[in-house]
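What follows is a short report on a single structure.
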Amino acid sequence: MHTTLIDQGLDLMLFGMGSVFSFLLLLVLATRVMSLLVNRWLPEELVSGIVAKASAGAPPSTIDPKIVKAIQTAIDRHRGGGKRD
Amino acid sequence: MHTTLIDQGLDLMLFGMGSVFSFLLLLVLATRVMSLLVNRWLPEELVSGIVAKASAGAPPSTIDPKIVKAIQTAIDRHRGGGKRD
Amino acid sequence: MHTTLIDQGLDLMLFGMGSVFSFLLLLVLATRVMSLLVNRWLPEELVSGIVAKASAGAPPSTIDPKIVKAIQTAIDRHRGGGKRD
Amino acid sequence: MDKLVSLWASSGVAQLEAGQLIMMSVGMVLLYLAIRRGFEPLLLVPIGFGTVLVNIPGAGFDAAPLYDAMGQLETPGGLLYYIYHAGIETGLFPLIIFMGVGAMTDFSSLLANPKTLLLGAAAQVGIFSTVLGAVALGHFGILDFSIRDAASIGIIGGADGPTAIFVTSKLAPELLGAVAVAAYSYMALVPIIQPPIMRALTSEAERGIKMQQLRPVSAAERIIFPLLLLMLVAMLLPDAAPLLGMFCFGNLMRECGVVNRLSDTTQNALINSVTIFLGLGVGSKMSADQFLNAETLGILGLGAVAFCIGTAAGILMAKVMNKFSTHKINPLIGAAGVSAVPMAARVANRVGLESDPQNFLLMHAMGPNVAGVIGSAVAAGVMINLVAGL
Amino acid sequence: MDKLVSLWASSGVAQLEAGQLIMMSVGMVLLYLAIRRGFEPLLLVPIGFGTVLVNIPGAGFDAAPLYDAMGQLETPGGLLYYIYHAGIETGLFPLIIFMGVGAMTDFSSLLANPKTLLLGAAAQVGIFSTVLGAVALGHFGILDFSIRDAASIGIIGGADGPTAIFVTSKLAPELLGAVAVAAYSYMALVPIIQPPIMRALTSEAERGIKMQQLRPVSAAERIIFPLLLLMLVAMLLPDAAPLLGMFCFGNLMRECGVVNRLSDTTQNALINSVTIFLGLGVGSKMSADQFLNAETLGILGLGAVAFCIGTAAGILMAKVMNKFSTHKINPLIGAAGVSAVPMAARVANRVGLESDPQNFLLMHAMGPNVAGVIGSAVAAGVMINLVAGL
Amino acid sequence: MDKLVSLWASSGVAQLEAGQLIMMSVGMVLLYLAIRRGFEPLLLVPIGFGTVLVNIPGAGFDAAPLYDAMGQLETPGGLLYYIYHAGIETGLFPLIIFMGVGAMTDFSSLLANPKTLLLGAAAQVGIFSTVLGAVALGHFGILDFSIRDAASIGIIGGADGPTAIFVTSKLAPELLGAVAVAAYSYMALVPIIQPPIMRALTSEAERGIKMQQLRPVSAAERIIFPLLLLMLVAMLLPDAAPLLGMFCFGNLMRECGVVNRLSDTTQNALINSVTIFLGLGVGSKMSADQFLNAETLGILGLGAVAFCIGTAAGILMAKVMNKFSTHKINPLIGAAGVSAVPMAARVANRVGLESDPQNFLLMHAMGPNVAGVIGSAVAAGVMINLVAGL
Ligand code: NA
Ligand code: NA
Ligand code: NA
């Protein structure tokens with residue numbers, strides 16, 4: 001019975017680490033292939049354009065653009081030392 | 001049995017559209033009457049005043065008024081082209 | 001039976017107010033002792049320092065520091081009447 | 001070695017059935033439509049993802065919990081099981097969403113021009129003629145639809161997601177996946193489906209009709225309107241009261257001005273959280289045996305028909321109303337009566353601008369647009385009432 | 001024709017009972033008070049709306065779900081049924097609200113001047129003398145109150161909504177509607193109820209007493225205080241531990257400075273969501289048979305008395321304390337001991353300014369004000385303990 | 001007098017058992033560590049507070065509800081009872097947290113340098129060697145650990161709180177308190193535990209290795225990655241699908257750019273609310289009989305060992321990889337493979353800066369850091385699968 005417990009632990013270690021390594025190794029390969037394909041067939045410019053378009057169709061952000069603008073202005077001034085005034 | 005299914009469908013259409021139309025027609029009338037009464041007995045100024053008062057009794061907004069003020073200021077400046085500086 | 005109801009009410013009043021008063025009186029004493037100990041053994045500077053350090057270890061606030069800065073700048077300007085420009 | 005066999009036997013590949021693979025692809029297509037094509041992403045991203053999750057073989061996302069003889073939990077259920085049974089089967093999630101939609105709805109346009117409510121009524125013709133189409137398919141033995149199924153399919157024409165989910169989860173839960181997907185897909189297709197119908201049914205002159213500027217609406221009117229609507233529903237159509245009651249509650253919180261804290265949370269954290277779980281829960285009904293059959297094709301086809309008829313009915317109603325009224329309505333805004341807020345109103349505005357670049361219809365179209373929400377909810381109440389009695 | 005009969009038979013008008021109509025009007029009155037008069041709108045808007053919803057004939061907002069013999073859901077329950085049973089009957093919602101209130105409470109004033117805790121204790125006299133009044137009404141057969149009812153009625157005098165709801169849902173759930181409405185209404189009436197009592201019990205000189213400026217309180221004191229309070233409660237009054245435990249937890253999250261994310265959510269999205277559902281759930285107990293009876297009048301009357309006695313007791317306690325202390329307390333701040341945060345403290349400040357426009361009592365009054373919250377929760381714990389044993 | 005006896009008998013002091021007092025002190029120590037020492041305060045504040053609450057004698061925070069013969073609720077359960085059974089026993093809270101963590105995770109670094117995934121794999125050696133240690137202790141009769149207990153203890157080495165809670169609540173719920181406390185404590189101790197190991201296993205030259213600048217990663221890659229991961233999990237390790245599925249869902253919402261509303265709520269209101277309740281619920285398992293025993297000491301000891309082995313394995317793996325690769329990896333970032341995001345990555349950065357003030361490793365370390373999250377979840381899935389079959 002006790003031997004079984006140790007055996008179970010060894011089994012768990014063996015198959016556990018095996019699975020973890022095999023899985024992540026596969027994920028490394030799959031990720032490389034994916035990146036390769038994406039960068040060949042979906043270059044950045046195209047993607048950004050499409051995503052931006054999709055975003056435009058989505059409901060507007062909940063922050064009032066005027067406030068965003070105002071904050072941006074404040075940031076700009078802070079950085080630019082009031083050049084725009 | 002199948003005839004019944006078609007009958008059920010026709011019934012649903014007849015009573016459904018009848019209900020929808022009667023209900024929304026009634027809502028049109030009720031809304032007109034309501035607007036009439038409101039605009040006669042609760043002219044805008046009065047209402048705004050009361051609502052404003054009620055708001056004042058409610059817990060304060062969670063945004064610090066100073067921040068709101070600051071944002072407003074930034075908006076004003078942005079619009080006014082820095083006249084106030 | 002009815003007498004019991006009145007009795008129950010009197011009991012409730014007696015033991016209830018007794019408990020409330022005893023408890024809050026004890027809380028007054030405990031609070032005084034606590035404040036005394038804290039102000040002797042954990043003077044303000046030390047505490048602030050430690051709390052600040054602990055905060056630093058916590059995940060960053062969800063508000064972009066640039067925005068906070070910008071708002072602060074806007075507040076400063078609003079207060080200072082544009083002196084910094 | 002046994003372990004390897006066990007791991008393999010429990011792996012997805014070994015257990016995978018063709019239906020699951022296809023449904024996972026369906027989920028991926030929904031994600032593609034949502035992310036790359038902008039199809040109602042707030043719902044279709046969770047629905048699509050839920051579709052993938054529930055079809056992972058052996059993952060047990062929709063597994064029921066197991067209890068031992070003492071009533072103690074032995075094995076917990078899957079996430080989607082809990083979401084579906086706690087939030088969708090009970091109707092809670094659609095109702096909370098409706099509260100949020102109410103809190104996001106501005107009735108000003110409708111209040112300034114209440115007769116546009118009738119455009120929202122007319123567009124519901126799409127719902128009921130689709131019911132008729134579905135029972136006809138059932139009658140002729142082409143597809144196996146009961147009257148409950150037909151009612152659920154018809155509601156797609158209401159172009160209102162939560163209403164469709166609420167009705168379908170009550171009348172025909174096994175169709176929930178197909179109906180919800182159809183409803184949100186067609187809502188997303190409004191800019192493609194509606195314009196040809198709008199152009200076909202209107203003349204250039206009609207499309208150029210300039211509408212009177214809307215009068216300003218007082219705060220009191222906006223506060224009283226949801227209460228008025230609630231009272232009418234309470235007196236006349238209590239079956240529509242759950243949906244419209246929560247809608248009015250949300251709108252009252254928005255307009256009354258004294259509970260802005262609650263209104264903000266309703267419009268943000270609360271509706272967003274529930275949207276995520278609603279979408280996942282709908283996805284949990286996207287199993288191969290419930291989705292991959294001829295009925296789903298029928299549902300998708302009928303849904304498209306419903307949309308077109310609803311659009312047409314709204315436009316024609318506007319033209320009829322113009323016969324009896326001095327203040328002409330631009331019939332394009334009738335198409336907005338299908339709801340699909342605010343997309344349908346934007347489409348009406350865009351088609352109007354094609355005829356006359358100075359004719360801004362957006363605000364006018366918001367009236368029938370929100371009226372369509374009310375109309376669909378009324379239709380839903382009537383159908384639940386009548387069908388339950390059949 | 002049958003369909004018309006069915007629709008009519010299921011319509012609200014046909015099923016409407018007089019009691020429901022009256023209760024819907026009560027709901028409307030609550031909404032009016034909340035929106036137009038500013039009566040605690042965060043709670044009374046949801047309670048009022050819930051009252052209307054639950055009294056819509058045939059809408060089934062408080063219907064229980066039906067299960068078939070296999071335990072499968074046949075008909076889902078109503079929204080308010082689920083809210084009440086999941087959140088109020090279990091006590092979860094009041095406890096989460098208390099956590100939020102704790103996260104919103106600043107104990108600085110109390111820590112700077114701990115003896116103001118005694119003012120919060122004194123004000124609880126209102127609770128227990130009302131219990132006495134209720135049992136007297138029961139004793140003389142005027143109204144039918146048990147000791148459990150009396151305890152629930154008394155807690156109105158605590159001027160603390162979640163505490164009142166927590167106690168009543170445990171001891172006398174059928175009184176929940178009346179007790180909650182009374183509690184929130186009187187809290188809203190603080191600016192009207194308290195000033196005459198305050199003026200009657202104090203002299204011009206007393207109202208003009210200037211209090212010592214409060215010392216600054218260190219962060220460490222504010223972090224340790226909720227833990228100290230928790231420990232005392234744990235050792236002495238475990239029945240008060242649910243309410244005060246969550247209150248202290250919220251306050252610790254606020255003050256400890258390392259979980260600001262959690263504190264923010266507790267003070268905003270979480271408490272707002274729960275407030276909406278708590279209000280609707282309380283409204284679900286506003287049915288005609290539970291609300292429209294002589295007992296409700298008794299509850300409203302006794303609640304008003306409780307409020308007045310509590311206010312008076314707080315003021316008198318301050319005067320007594322002044323006899324034994326060199327640092328005089330302005331007795332007006334004693335009235336803030338009833339809780340009703342922060343309204344009662346503002347009223348004390350305003351009445352104080354009438355006597356001396358330079359005498360700012362607001363910060364001083366916050367001490368007894370939050371002490372009143374603690375006092376009521378302690379009283380609640382004691383009552384639950386004692387009444388359960390009777 | 002009876003009343004006094006009753007009050008006294010029900011007071012905490014009279015009922016207090018030594019174990020409860022000690023556990024309350026444990027809770028206070030956790031609060032101290034969280035607040036004053038900054039130990040993972042987002043979790044340890046709620047866990048510590050929950051520990052105190054559940055050990056208050058007579059307060060009934062973990063009391064089960066009582067029902068009468070008719071199935072009606074007689075006495076509601078305690079807050080922590082409901083939280084534990086609704087959110088932790090079912091696995092819902094850890095899964096929602098994982099969704100939130102996914103929405104907060106940026107995979108850019110991993111995508112730019114995918115081989116760092118192997119560092120996250122290596123660090124899981126900590127998990128499995130601890131399992132071995134636990135069964136050895138069980139084997140030699142030193143402590144009473146079953147294989148389920150051992151698996152739960154091992155997962156501490158994953159340095160990932162929600163994963164540890166998810167696994168333990170499934171395999172060994174009675175150890176939940178000890179395992180969660182150990183997991184979060186050691187995550188907080190990363191800056192103390194890891195640096196000596198890192199310095200011992202690396203040479204000055206190795207620590208000074210400058211890594212290639214990471215290439216920019218396109219939006220499409222970031223959108224597709226969570227779907228790719230999901231598909232691999234679905235096909236190969238469905239037992240890991242609940243955790244990794246929700247993780248990928250959150251990440252997809254973050255990256256897809258069309259559901260920012262949902263992503264924001266997931267990263268804020270939703271994860272914060274659930275974190276509070278998760279912490280309290282874990283605290284509810286901190287009772288004296290489950291925590292105060294030799295096994296807990298064993299768990300704490302084994303957990304520390306797991307952490308050290310995981311750290312070492314990550315570093316050594318990096319050194320091995322450098323033997324086969326031209327683009328050298330700085331072995332310090334291997335230590336980040338234990339997860340403990342983002343603390344472990346920061347520690348790698350800091351130790352790197354000691355050797356060369358111009359060598360910024362933070363972004364490079366984020367790759368193995370998030371890989372560690374994936375690795376632990378995979379390990380969790382494998383263990384749940386294998387242990388359930390034993
Ligand atoms: Na509609
Ligand atoms: Na009070
Ligand atoms: Na890990």
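A, B, ... follow the sequence lines: proteins, then strands. Residue 1 opens every chain.
- Evaluation of the side chain to side chain contact (heavy atoms under 4.5 Å, CB included) rule for F/Met211 yields F/Asn113, F/Ile329, F/Asn330, F/Ile333, F/Leu361, F/His364 as partners, not counting sequence neighbours.
- Here the CG-NE2 distance, from A/Leu5 to F/His139, works out to 8.5 Å after rounding to the nearest 0.5 Å.
- We find the CG-CZ distance between A/Asp11 and F/Phe128 to be 12.0 Å, quoted to the nearest 0.5 Å.
- Listed in order of number, the residues of residues 150-159 of chain F that approach chain A to under 4.5 Å between heavy atoms are F/Ala151.
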Name the atoms and distances for all side-chain donor-acceptor pairs under 3.5 Å in residues 309-317 of chain F, with sequence neighbours left out.
residue	atom	partner	partner atom	Å
F/Thr311	OG1	F/Gln194	NE2	3.0
F/Thr311	OG1	F/Phe307	O	2.8

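- Here the CG atom belonging to F/Leu386 is positioned 10.5 Å from the CD atom belonging to A/Gln8, to the nearest 0.5 angstrom.
- Listed here is the closest heavy atom pair of A/Arg32 and F/Lys115: NH2-CB, 3.8 Å.
- Contacts between A/Met17 and chain F at a heavy-atom distance below 4.5 Å involve backbone atoms as well as side-chain atoms.
- Residue A/Leu24 comes nearest to F/Gly375 through the heavy atom pair CD1-CA, 4.0 Å, listed as atom of the first residue, atom of the second, then distance.
- With a threshold of 4.5 angstrom between heavy atoms, F/Leu228 approaches chain A through side-chain atoms but not through N, CA, C or O.
- Just one of A/Val28, A/Leu29, A/Leu25 meets the side-chain contact (heavy atoms from CB on, under 4.5 Å) condition when paired with F/Leu117; it is A/Val28.
- The nearest pair of heavy atoms linking A/Met13 to F/Val125 is CE-CG1, 4.4 Å.
- Between A/Leu26 atom CG and F/Met235 atom CE the span is 12.5 Å, to the nearest 0.5 Å.
- F/Val382 approaches A/Phe15 most closely through the heavy-atom pair CG1-O, 4.3 Å.
- When every heavy atom of F/Arg215 is checked against every heavy atom of A/Ser35, the shortest pair comes out as NH2-OG, 3.4 Å.
- Legend: residues meeting side chain to side chain donor-acceptor pair (under 3.5 Å) with F/Thr105, ordered by chain and number and at least two apart, are absent.
- In this structure, the portion of F/Ser146 lying under 4.5 Å from any heavy atom of chain A is its backbone and not its side chain.
- Using a 4.5 Å cut-off between heavy atoms, F/Leu229 touches chain A through backbone and side chain atoms alike.
- Interatomic distance, CZ of A/Phe23 versus CG of F/Leu236, reported as 6.5 Å (0.5 Å rounding).
- Summarising the geometry of A/Asn39 relative to F/Ser218, their closest heavy-atom pair is OD1-OG, 4.1 Å, with the distance given to 0.1 Å.
- When heavy atoms are compared at a cutoff of 4.5 Å, F/Ala134 does not approach chain A at all.
- Taking CG from A/Leu37 and CD1 from F/Ile224, the interatomic distance works out to 8.5 Å, rounded to the nearest 0.5 Å.
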